[in-house]
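Take a look at the structure set out below.
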Amino acid sequence: MSIIDILKANATDYGIEINQDLAEKLEIYGRLLKEWNDKINLTAIKDDEGIAIKHFLDCLLVGKVAEFKDGMSIIDVGTGAGFPGLVIAAAYPNINVTLLDSTGKKLKAVENMAEEMGVKNVKIVHSRAEDAGKSPEFREKYDFATARAVAELRVLLEYTLPFVKKGGSFLSLKAATAKEEIDGAGNSLKTLGGKIDSINDFTLPGGDTRAIINVKKISQTSPKYPRPSAQIAKKPL
Ligand code: SAM
C-alpha cells in the first residue's frame, strides 16, 4: 500500500477526510520527505506506514481540536520537516501558516517541498522562537501557535504564547507525558497569560498515544517574555 492508501484507510476512523487535493499534495510530500532524508537528517520516521500514521495522520488530528476558519493564521514553532505546519497548510488552503525553525537547512527542504506540493499559503521564517517572539512583525499576531517535539511544555509556552493573540490558542502536540508536563507548567501558564482549555487524547493505529493540549491565551504576555535562550534554559518558568 502507498502512503496515501495507508492514510486514507485509517483516517476515516478519526472522522478525517482526505480529499483529492490533499491526497495529491501529501503524496508529493511523502516522496520528497524520503528523498530529502537521504541528503540531510530530517526525520527519524522514514517508512511508508510511519509517514502515513505518525506524521500525516498525527498532524491532521490538530484539525479535530481546533476550529480553523478561512483567513486565520497559525505559526508552527520548530517545524523541522514541516510537522505539523506544512500538513495543516496542505489541508486548509485558506489559512495562513508560518513555518518557523532555527535550522536553516531543514527550512530549505521545507521550502522546496511546499513549492513542489503547490502549497502557497505558507511563509518560512528562519529564527529562534525567542527572537521572533520579540519582533512586532510576529508578536501577538496569530490565532494559533502549534509545536510538536520541540521542548517541555513550560518552556514551549514561553516560546509560543508571545506569538498568539489574546483569545487565540497554543496547540501542543504531545506523547504520553502530557499530564506530568501540565502539572509542571502552572507557573509558566500564569506568568505568560495562558490557561489549559482542554486535553485531547488520541490513540494512533498501532497503539501509540498522543495528547493535543489546547492552551487558551487569556491575557497579553508581558514584554519581559520571551527571555533570552540561555535564561529560559537555565531557569524555566
Ligand atoms: N516539529 C517537527 C516534528 O514534529 O517532526 C520537528 C521536531 S525536531 C525534534 C525539533 C525542531 O525544533 C528542530 O527542527 C529544531 O531546529 C527546532 N527548534 C528547537 N528549539 C527551537 C527554538 N528555540 N526556536 C526555533 N526552532 C527550534
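Atom set for the values below is all heavy atoms of this structure, side chains included, hydrogens, waters and symmetry mates excluded. Everything numeric here is computed off the predicted structure, so don't read it as measured data. Both counts, for ligands and for their atoms, begin at 1 and track the order of listing. Position 1 is the first residue of the sequence; numbering continues from there.
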May I ask whether Thr79 has any heavy atom positioned less than 4.0 angstrom from an atom of ligand 1?
yes
Using a 4.0 Å cutoff against the non-hydrogen atoms of Gly80, which atoms of ligand 1 qualify?
6 (C), 14 (O)
So which protein heavy atom does atom 20 (N) of ligand 1 come closest to, and at what separation?
Val150 CG1, 4.0 Å
Okay, side chain of Asp76, backbone of Gly85: is any donor-acceptor separation there less than 3.5 Å?
yes
Please check: side-chain N/O of Asp5 versus main-chain N/O of Met1, any donor-acceptor pairing under 3.5 Å?
no
What's the shortest distance from atom 8 (S) of ligand 1 to any protein heavy atom, and which residue and atom give it?
Ala149 O, 3.7 Å
Do Val150 and Ile212 share a hydrophobic cluster (ILVMFWY, side-chain heavy atoms under 4.5 Å, transitive)?
no
for atom 27 (C) of ligand 1, nearest protein heavy atom and its distance come out as Ser102 OG, 3.5 Å
Taking Lys69 first and then Asp143, would you say they form a salt bridge - that is, a charged N and a carboxylate O separated by under 4.0 Å?
no
Shortest protein contact, atom 17 (C) of ligand 1 (heavy atom only):
Asp101 OD2, 3.4 Å
Applying side-chain contact (heavy atoms from CB on, under 4.5 Å), run through Val164 and Lys141 and close with a yes or a no.
CA-CA 6 Å; Val164 181; Lys141 290 282 189 288; over 6 Å; no
Could you point out which residue of Phe163, Phe170, Phe68, Tyr92 forms a ring-ring contact (aromatic ring centres under 6.0 Å, His included) with Phe144?
Phe68
At less than 4.0 angstrom from any non-hydrogen atom of Tyr159, what atoms of ligand 1 do you find?
23 (N)
Would you mind checking if Asp58 and Arg148 are paired as a salt bridge, meaning a charged N to carboxylate O distance below 4.0 Å?
yes
Give me the nearest non-hydrogen protein atom to atom 12 (O) of ligand 1 as residue plus atom name, then the distance to 0.1 Å.
Gly78 CA, 3.4 Å
Per-atom contacts of ligand 1 with Phe83, taking only distances under 4.0 Å to non-hydrogen atoms:
1 (N), 2 (C), 3 (C), 4 (O), 5 (O)
Do the charged groups of Lys217 and Glu140 touch, with an N to O distance under 4.0 Å?
yes
Check for a donor-acceptor pair, side chain of Lys25 on one end and backbone N or O of Ala91 on the other, with a separation under 3.5 Å.
no
Report yes or no: does a heavy atom of Ser229 sit under 4.0 Å from some atom of ligand 1?
no
Is there a donor-acceptor pair under 3.5 Å between the side chain of His126 and the backbone N or O of Ser102?
yes
Would you call Asp201-Arg210 a salt bridge at under 4.0 Å N-O?
no
Under 4.0 Å from a heavy atom of Leu100: give me the atoms of ligand 1 that qualify, with their elements.
25 (C)
Provide, to 0.1 Å, the distance between atom 24 (N) of ligand 1 and the closest protein heavy atom, together with that atom's residue and name.
Ala129 N, 2.8 Å
re atom 23 (N) of ligand 1, the protein heavy-atom contact at minimum distance is Glu130 OE1, 2.8 Å
Within the 4.0 Å heavy-atom shell around Thr103, which atoms of ligand 1 are there?
16 (O)
Arg128: numbered ligand 1 atoms lying under 4.0 Å from its heavy atoms
22 (C), 23 (N), 24 (N), 25 (C)
Just heavy atoms, cut-off under 4.0 Å: does Ser127 contact ligand 1 by side chain, backbone, both, or neither?
backbone
Students should be able to answer this: which protein heavy-atom is nearest to atom 4 (O) of ligand 1, and at what distance?
Arg148 NE, 2.6 Å
Taking only heavy atoms of Lys106, which atoms of ligand 1 are found under 4.0 Å from at least one of them?
13 (C), 14 (O)
